Amino acid sequence: MKWNPNKYAEFADYRGRPYEDLLGQLGGIIPKQIVDLGCGPGDKTSLLAERWPQAQVTGLDSSPEMIAQANGAVQQPNLGFELLDARHWHPRPEIDLLFSNAMLQWLPEHRELLKSWLGDLKAGAYVAIQMPGNFGAASHAVMRQVADSQKWAGRLGGVLRHEDVVGEPQEYQRLLLDAGFQANVWETTYHQVMVGESPILDWVRGTALLPIKATLPEDEYLDFEADYSAAVAEHYPSFTAPDGAKLTNFPFRRIFMVARKQG
Ligand SMILES: C[S@@+](CC[C@H](N)C(=O)[O-])C[C@H]1O[C@@H](n2cnc3c(N)ncnc32)[C@H](O)[C@@H]1O
């Protein structure tokens, strides 16, 4: 039997799968106006437009690069994209599905925003939200430890998000219930198989390290990456597959909620 190391990751759409798992919990509903808040490059938003061809779907994102990419790459008659900061957004009364995948964790004030959006939505409207719930995991805790070390604290104080940037599932359940929603809240830990020499570093380069990259000059950033990579590797031991590939288990917890406004 011949093994191909690239095959390990072939079906592992680890960033995309939670979007589809969230969408999978919306069976039976027929929304007409859908907003995808923090839509990113729009490829996933197109799944909403395909799933509900009778609905108008709007992807909103505060990144001009993301919106440009979405407008360039994704074209469906019932789908549009707009540049917008979620912190200044209010749901229009006709919205009947507010979808948001992997965005609210970027906003420390998301609990207050969520409360206000829940209050604005009409009776019968749905919210469907996913956020990573892994800020206490070693991948993030070690990053904060390195940033707080004597070497880096002077330049990186306050740059990283704290462990409690995303709450526990029961907090969001309470928030939804208090706002008059029927709430379905759950968490899933995805046991991601990572391939390569520095898989945790490779993963966080696209997410958690971005605020550090935005703060430090390039040479210092690379120095920080090296410190982080050495420290985090101890927490994620690799193992060797039958074909010699170096693999690492990277557990990734995510928090989900689907809720419907009563009344
Ligand atoms: C991890 S990506 C998720 C993209 C997409 N939802 C997906 O599941 O593929 C987070 C997105 O949130 C957007 N974002 C961050 N802060 C935002 C804000 N204040 N308002 C709107 N979008 C924001 C980023 O620009 C980025 O596109």
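Position 1 is the first residue of the sequence; numbering continues from there. Both backbone and side-chain heavy atoms feed into the values below; hydrogens, waters and symmetry mates do not. Just so you know, these numbers come straight off a predicted model, no measurement behind them.
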Is there a side-chain contact between [X] and [Y], using heavy atoms and a 4.5 Å cut-off?
X: Leu209; Y: Leu201; answer: yes
X: Pro18; Y: Asn101; answer: yes
X: Phe81; Y: Leu60; answer: no
X: Val142; Y: Tyr228; answer: yes
X: Leu175; Y: Leu118; answer: yes
X: Glu220; Y: Trp152; answer: yes
X: Met257; Y: Gln130; answer: no
X: Ile34; Y: Ile95; answer: no

Test your reading of the model: is there a side-chain donor-acceptor pair from [X] to the backbone of [Y], 3.5 Å cut-off?
X: Ser149; Y: Val146; result: yes
X: Gln54; Y: Pro31; result: yes
X: Lys261; Y: Leu121; result: yes
X: Asn78; Y: Trp52; result: yes
X: Arg51; Y: Leu26; result: yes
X: Asp61; Y: Met66; result: no
X: Tyr236; Y: Pro199; result: no

Legend entry - Verdict with supporting geometry, Glu168 and Arg253, salt bridge (Lys or Arg N to Asp or Glu O under 4.0 Å): CA-CA 11 Å; Glu168 290 301 309; Arg253 178 178 179 244; 2.9 Å; yes
Could you grab the distance from atom [atom1] of [X] to atom [atom2] of [Y], nearest 0.5 Å is fine?
X: Glu171; Y: Asp164; atom1: CD; atom2: CG; answer: 8.5 Å
X: Glu109; Y: Ser116; atom1: CD; atom2: OG; answer: 11.0 Å
X: His162; Y: Phe135; atom1: NE2; atom2: CZ; answer: 12.0 Å
X: Leu48; Y: Leu23; atom1: CG; atom2: CG; answer: 6.0 Å
X: Ile200; Y: Gln192; atom1: CD1; atom2: CD; answer: 8.5 Å
X: Leu176; Y: Phe181; atom1: CG; atom2: CZ; answer: 7.0 Å

Inset, instruction - Indicate yes or no: does Asp13 engage Arg17 in a salt bridge with an N to O separation below 4.0 Å. - result: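 Here Asp13 does not pair with Arg17 in a salt bridge, since their nearest N and O are not under 4.0 Å apart.
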Legend entry - Salt-bridge present (Arg260, Asp96; N to O < 4.0 Å):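 Salt bridge flag = no for Asp96 with Arg260.
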Inset, instruction - Determine whether the side chains of Tyr190 and Asn134 contain a donor N or O and an acceptor N or O closer than 3.5 Å. - result: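 Per modelled atom types, Tyr190 and Asn134 side chains form no pair under 3.5 Å.
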Legend entry - Between Asp85 and Ser62: side-chain donor-acceptor atoms closer than 3.5 Å: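 No, no side-chain donor-acceptor pair sits under 3.5 Å.
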Is there a path of hydrophobic side-chain contacts, each under 4.5 Å between heavy atoms of I, L, V, M, F, W or Y residues, that connects [X] with [Y]?
X: Val165; Y: Trp106; result: no
X: Val204; Y: Met131; result: no
X: Leu104; Y: Val166; result: yes
X: Phe256; Y: Leu114; result: no
X: Leu107; Y: Leu98; result: yes

Inset, instruction - Give the intermediate values and the outcome of salt bridge (Lys or Arg N to Asp or Glu O under 4.0 Å) for residues Arg174 and Asp178. - result: CA-CA 6 Å; Arg174 182 68 195 273; Asp178 285 350; 3.2 Å; yes
Specify the closest pair of heavy atoms between [X] and [Y], including all atoms of both residues, with the distance to one decimal.
X: Ala183; Y: Gln173; answer: CB-O, 4.4 Å
X: Thr207; Y: Pro211; answer: O-CD, 3.8 Å
X: Val232; Y: Ser139; answer: CG2-CA, 3.9 Å
X: Ala102; Y: Pro132; answer: CA-CD, 4.5 Å
X: Pro91; Y: Trp117; answer: CD-CD1, 3.7 Å
X: Tyr19; Y: Leu47; answer: CD2-CD1, 4.3 Å

Legend entry - Phe252-Tyr14 aromatic ring centre distance below 6.0 Å: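 No - the distance between ring centres of Phe252 and Tyr14 does not fall below the 6.0 Å cut-off.
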Inset, instruction - Answer with yes or no after comparing the ring centroid distance for His110 and Tyr172 against a 6.0 Å cut-off, counting only values under it. - result: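 Distance test on ring centres: under 6.0 Å, yes.
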Legend entry - Neighbour count above 12 (heavy atom, 6.0 Å) for His235 NE2: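 Counting neighbours around NE2 of His235, more than 12 heavy atoms of other residues, nucleotides or ligands fall under 6.0 Å, so yes.
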Inset, instruction - Flag yes if more than 12 heavy atoms outside Lys32 fall under 6.0 Å of its NZ atom; otherwise flag no. - result: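 No - once you tally the heavy atoms of other residues, nucleotides and ligands closer than 6.0 Å, there are 12 at most.
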Legend entry - Pair Val127-Val258, side chain to side chain contact (heavy atoms under 4.5 Å, CB included): steps then yes or no: CA-CA 6 Å; Val127 292; Val258 168; over 6 Å; no
Legend entry - Stepwise side chain to side chain contact (heavy atoms under 4.5 Å, CB included) test for Glu163 and His140: CA-CA 8 Å; Glu163 180 172 353; His140 289 65; over 6 Å; no
Legend entry - NZ or CZ of Arg254 within 45° of Trp186 ring axis and under 6.0 Å: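 No; the conditions do not both hold, so Arg254 does not lie above the ring face of Trp186.
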Inset, instruction - Could you check Leu247 against Thr240 for side chain to side chain contact (heavy atoms under 4.5 Å, CB included), going step by step and ending with a plain yes or no? - result: CA-CA 6 Å; Leu247 305 180; Thr240 307; over 6 Å; no
Inset, instruction - Decide yes or no on side chain to side chain contact (heavy atoms under 4.5 Å, CB included) for Thr215 and Arg155, but give the supporting numbers first. - result: CA-CA 8 Å; Thr215 305; Arg155 272 157 297 169; 5.8 Å; no
Inset, instruction - Show the numbers, then the answer: is there a salt bridge (Lys or Arg N to Asp or Glu O under 4.0 Å) between Lys213 and Glu225? - result: CA-CA 9 Å; Lys213 192 170 170 57; Glu225 266 200 357; over 6 Å; no
Legend entry - Stepwise salt bridge (Lys or Arg N to Asp or Glu O under 4.0 Å) check, Glu94 with Lys122: CA-CA 7 Å; Glu94 59 272 24; Lys122 66 182 178 189; over 6 Å; no
